[in-house]
Asks: 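Have a look at the structure that comes next, please.
In this text the structure is predicted, and so the values were computed from the model without any measurement. Reckoned from all heavy atoms, side chains included, excluding hydrogens, waters and symmetry mates. Here is how names work: the chains are called A, B, and so on, in the same order as the sequence lines, proteins then strands, and each is numbered from 1.
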Amino acid sequence: VSPRFQKELNPEQLAAVLHKSGPAIVIAGAGSGKTRMLTYRVAYLIENNTPASAIILVTFTKKAAQEMENRVQGLVGSEIKGLKAGTFHHLANITLRRYGKLLHFDPNFTIMDPGDQKHFMKYILGQRFDPEERKRFPKPTQVLDMHSKTINLGKPLSEISSVYYPAYLYQIVDITDTISIFTKQKKANNTMDFDDLLVFFLKFIRNEKVAAKYLDRIHHVLVDEYQDMNAIQADIVEHLGKHAKSITIVGDDAQAIYKFRGGDFNHMLNFPKVFENCQTYKLETNYRSTPEILKLANASIRKNQVGFKKELRTTRESGNLPMMIPCTNLYQEAQLICQQVLQHREEDIHLHEQAVLFRAHYHTMELEQELVRQKIPYVIRAGVRFFEQAHIKDLVAYLAVLVNPTDRIQWIRIFSMHEGVSDSGASKIITILSQQPQVLTNFVYCNLVQEMQGSRLRQAGLENLTQLQQFFKQLAFHPGTKQRLSEEELPNLPQMIEKVSQYLKPMFPARYPKNYEDRLRDLRELMNFGAKYNSITAFLADILTQYNLQGETILEGDQTLEESPLVLSTIHQAKGLEWKVVYIISLVDGRLPSARAIGDEAEIEEERRLFYVACTRAKDVLYLTYPEIVQRFDRDQISGPSRFLEEIEKEKVFEEVEVEEE
DNA sequence: CCTTAACTCCTTTTT
DNA sequence: GGAGTTAAGG
Ligand SMILES: Nc1ncnc2c1ncn2[C@@H]1O[C@H](COP(=O)(O)OP(=O)(O)OP(=O)(O)O)[C@@H](O)[C@H]1O
C-alpha cells in the first residue's frame, strides 16, 4: 500500500479499503469518512490491476458518482476509463440499451417521467371506466403509487392495498387488470418508467445465461448509502454481488431517510444473512463536526427506539454550542438568516460554504424573497425540475418521437399543443396512425382530413397539423422521398433543438402568456446543454436519469456570478454533503416533523433521522431556527418549537439566543 | 369537439 | 397558492 493510504486513512478505513474478497459491510456513522473509504477502495483496486470497467460503484445521485470518480482520478493520477459509477437507474439504463436485444426489446426505448406516467394512466382509466366508475376508482397517481410500491417494497398488490389503500381493497381485481394493461401498453409503446428500468435490469441479471457476458465482466461491486435500499435494489445487489470477487456495501442506519420510496435499513441489517461469511467493518470516528454539534446530533438520535446504538468519537476541537433562535414569524426568520449569512461572509466564510436546509421546498418562500431583496446570490436544490417543466417537455417530445415513434404520450403532447386539437382529439389521431407500422412516416405522408373522417375533429386543428407534417418532413426525411434520415444523418443535437425551438416559438405566447420569454430562453439553454451529446437517445435518457436537477438552472456552478452562491437545499438533497455553517429552518411541528408524520411513531423516527442528517452536515456552526407563527393557507397558526428541539432541551446541547430587534 | 372560466382540492421528501 | 377538474358557451 502506498504511504499515502496509510496517512490519509485511519486503521478502520484502511482495513475496509484493503478488504480482500467476498462480502463486506461497512457500518459507518455520519462524517466518519465512508465516502473517502469508498473512493480509496476503488483507487486501490485499480492500482492493483483491476480494470476500471470491472468495478461497479453504485451511488445515490449522479453528483455523488461524479465527485467520487473525480477523486479516484486524483488518487490514481491518470484518467480512468469505463468505471461503472452511478445510480441504479443510470446503470440500468446504460446496460439495458446495450443488452436490450437479448431481452427482445428495442434499445431505443424512451423513458417516461412521472408526468408522462400520469397522463398515460389517465388515458387508460378513461378508456376502461365511465365517469361514474372513475369517481369510485383510485386516482391515476394512486394506482401508480400502488404499483410502484409493489415493486419497491417487493410485496403483492393485495398487501399494498390493504396497508396503504384499504378503501380500495374491494376493487383489487380491477386495479390489477388496469396495471397489467398499463404494463402491456408501455411495452407496446416501447417506453419505460423509472421503476421499469430496475425491473428489467433485475430480470436481465437474474437470467445468468443471458447476462453471462455482462456479469462475467464485473469483479467488484461497491454500494453507497445502503441504509436507503429498497427491495428491488437489494435484489439487484444480491444478483450483482453473487458472482463478483468482492462486494462492499456501506451505510448508516441512522441516516435512512427514503422510506417513502421503499427504502428500508433492514436490507442493510440483513446483508450478512444474504451474503454468508460477510466481514463487518465499523467507522466510528467523526472527522467533520465540532464536538458540540455532534453531541446535539447524538442526543437527538438517541430518542429513536429503532436502530443501532452507536456513539461517534470526535476528532475536532471544541467550538460553539449550536444556537437555537426563535423568531416571531417567517419574515423575521428570513431576515435573521440573511443577516447571519452576511455576517459570516464578513468573517470570510464564503456563501457557498454555508447552507440553509429545510424539509420541503415551500418552506423557503419567505427566505427566497428576502435573499432576492438583499441581492444575496443563492442556488436552490429543491422544487421544480428543469426537465419536467412544460415548455422543456414540449421540445423534448419532438426529439422523442424521432427515436421512438411509438411513444404515444409524446405524440399526444405534440398534437394537442396545436390550436384546435385537444388531448382527446390527439389521442384519436395517434390511435389511427398506430394501426400501421412507421408511425412517423404515416403521419407525415397521410391525408389527415381523409384519415380522420368520421371522427368529428375540428377543421382548424387539422389544418394546423399539416404544418406539423411539413415540419417533420423537412426535419427527418430525405428530400422528396419517404426515406427517413438515420440518426447519423440528422442534424446535430443543438441544431435539432434550434429547429424545434423555431417551430415552437409562434405557439409560445398563447401557450404561456405569462412568461413565454423566460421559457424561450430556457430552450436556448437547452440547446447549449445539448451540445454535449451526439446521440438523441442518450440525451433523452440522461436528462431524466442523470440531469433531472431541481432548481432554476441546468448549468450549475457555471453562472456568471462573481461569487459562488449560498446553498438552499432540502435535507434529502443534502445527503453526503457538508458545509462550514448550516442553518436548519422552520423547526416547528408540522414542518419538521412533517404534519403527515405526526401520530405515527415510525414516521416520526424517520423525521428524526432527517433532523439528524441535517445537523451532521455542519462542520463548524449550526443554527436551529423556527417561527412562532406560521401561515397555513389563509390562516395564521401558532406553533411552539419542533418536538425535536424540545425533547433535547434539558440536555443543554444548544443555547437559546434572542433575535436582536433592529 | 374545443376552449375558457369558475371552482375545488391539498400541499414532503426523489431516481 | 397553484394545479387539476367541471360546466357552460362557441
Ligand atoms: N481519515 C481521515 N482523516 C481526516 N479526515 C477525514 C478522514 N476521513 C474522512 N475525513 C474527512 O471527514 C469528512 C467526512 O468524510 P466523508 O464525507 O467521507 O464522510 P461520510 O461518512 O461519507 O459522511 P456522511 O455519512 O455524514 O455523509 C470529510 O471532510 C473528509 O475529508
Asks: Is it the case that Tyr512(A) and Asp394(A) place a side-chain donor and acceptor less than 3.5 Å from each other?
Replies: yes

Asks: Measure CD/Gln369(A) against P/dG1(C) and give the value in whole Å, please.
Replies: 10 Å

Asks: Are the aromatic ring centres of Phe271(A) and Tyr226(A) under 6.0 angstrom apart?
Replies: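 Ring-ring flag for Phe271(A)/Tyr226(A): true, centres closer than 6.0 Å.
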
Asks: For the pair made of NE2 in His572(A) and C1' in dT14(B), what is the distance, rounded to whole Å?
Replies: 8 Å

Asks: Please give the distance between the P atoms of dT13(B) and dG4(C) as a whole number of Å.
Replies: 15 Å

Asks: Are there any protein N/O atoms within less than 3.5 Å of an N/O atom in nucleotides 3-8 of chain B, and if so, which ones and at what distance?
Replies:
unit_1: dT3(B); atom_1: OP1; unit_2: Gly420(A); atom_2: N; d: 2.7

Asks: Would you say the ring centroid of Phe529(A) lies under 6.0 angstrom from that of Phe387(A)?
Replies: yes

Asks: For DNA chain B, report each stem as range with range, ordered by first number, or say none. Use Watson-Crick or G-U wobble pairs under 3.5 Å, at least 3 in a row.
Replies: B:1-10 with C:1-10

Asks: Is it the case that the side chains of Thr191(A) and Arg408(A) hold a donor-acceptor pair, with the cut-off being a distance below 3.5 Å and no angle test?
Replies: no

Asks: Less than 3.5 Å apart, any donor N or O on the side chain of Arg381(A) or Ser569(A) sitting next to an acceptor on the other?
Replies: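 No - no donor-acceptor pair under 3.5 Å links their side chains.
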
Asks: If only side-chain N and O atoms of Thr61(A) are considered, is one of them under 4.0 Å from the OP1 or OP2 phosphate oxygen of dT14(B)?
Replies: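 It does not, given that no N or O in the side chain of Thr61(A) lies less than 4.0 Å from OP1 or OP2 of dT14(B).
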
Asks: Got a salt bridge between Lys575(A) and Glu225(A), using NZ or NE/NH1/NH2 to carboxylate O under 4.0 Å?
Replies: yes

Asks: Specify the residue among Gln573(A) and Lys428(A) whose closest nucleotide of DNA chain B lies further upstream toward the 5′ end.
Replies: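 Its nucleotide being nearer the 5' end, the pick is Lys428(A).
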
Asks: Does the ring centre of His572(A) sit less than 6.0 Å away from the ring centre of Phe260(A)?
Replies: yes

Asks: Take the protein atom CZ of Phe60(A) and the nucleotide atom P of dT14(B), then report the distance between them rounded to whole Å.
Replies: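 One finds 10 Å between P of dT14(B) and CZ of Phe60(A), rounded.
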
Asks: For the pair Arg206(A) and Asp235(A), find out whether any cationic side-chain nitrogen is under 4.0 Å from an anionic carboxylate oxygen.
Replies: yes

Asks: Can a side-chain donor-acceptor contact be found between Glu368(A) and Tyr378(A) if the only test is distance below 3.5 angstrom?
Replies: yes

Asks: Please determine, by modelled atom types, if Gln467(A) and Gln469(A) share a side-chain donor-acceptor pair under 3.5 angstrom.
Replies: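 The criterion, which ignores hydrogens and geometry beyond distance, is not satisfied for Gln469(A) and Gln467(A).
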
Asks: Provide, to the nearest angstrom, the distance between the OH atom belonging to Tyr258(A) and the P atom belonging to dT14(B).
Replies: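 Spelled out: OH on Tyr258(A) to P on dT14(B) is 6 Å.
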
Asks: Charged N to carboxylate O under 4.0 angstrom, Asp542(A) versus Lys62(A)?
Replies: no

Asks: Kindly state which residues belonging to residues 83-90 of chain A come within less than 4.0 angstrom of DNA chain B, counting heavy atoms of the residue only, listed by number.
Replies: Thr87(A), His89(A)

Asks: Using the 3.5 Å cut-off, write out each protein N or O paired with an N or O of nucleotides 3-8 of chain C and the distance between them.
Replies:
unit_1: dT5(C); atom_1: OP2; unit_2: Lys122(A); atom_2: NZ; d: 3.1

Asks: Give the rounded distance in Å between these two atoms: CG of Asp195(A) and P of dT15(B).
Replies: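 Rounded to whole Å, this separation is 14 Å.
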
Asks: Restricting to salt bridge (charged side-chain N to carboxylate O under 4.0 Å, His left out), what partner residues turn up for Arg643(A), sequence neighbours left out?
Replies: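 Per chain and number, Arg643(A) pairs via salt bridge (charged side-chain N to carboxylate O under 4.0 Å, His left out) with Asp589(A).
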
Asks: Looking at Phe137(A) versus Tyr168(A), is the centre-to-centre ring distance below 6.0 Å?
Replies: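 Between Tyr168(A) and Phe137(A), which both carry aromatic rings, the centre distance is not below 6.0 Å.
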
Asks: Does Phe539(A) have its ring centroid less than 6.0 Å away from the ring centroid of Tyr533(A)?
Replies: yes

Asks: Could you tell me whether the side chains of Tyr258(A) and Asn230(A) share a donor-acceptor contact shorter than 3.5 Å?
Replies: no

Asks: Any side-chain N or O of Thr570(A) less than 4.0 Å from the OP1 or OP2 oxygen of dT14(B)?
Replies: yes

Asks: What integer distance in Å separates Phe386(A):CZ from dT15(B):P?
Replies: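 In whole Å, dT15(B) P lies 16 Å from Phe386(A) CZ.
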
Asks: For DNA chain B, which residues in residues 596-607 of chain A have a heavy atom at a distance below 4.0 Å?
Replies: Arg596(A)

Asks: Between dG1(C) atom C1' and Leu330(A) atom CG, what is the distance in whole Å?
Replies: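 Answer to the nearest Å: 15 Å.
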
Asks: Quick one: do the Asp224(A) and Thr59(A) side chains pair a donor with an acceptor below 3.5 Å?
Replies: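 Absent: no donor and acceptor within the cut-off.
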
Asks: Just the rounded figure in Å: distance from C1' of dC2(B) to CG of Leu465(A).
Replies: 14 Å

Asks: Distance alone, cut at 3.5 Å: any donor-acceptor contact between the side chains of Gln117(A) and Asp193(A)?
Replies: yes

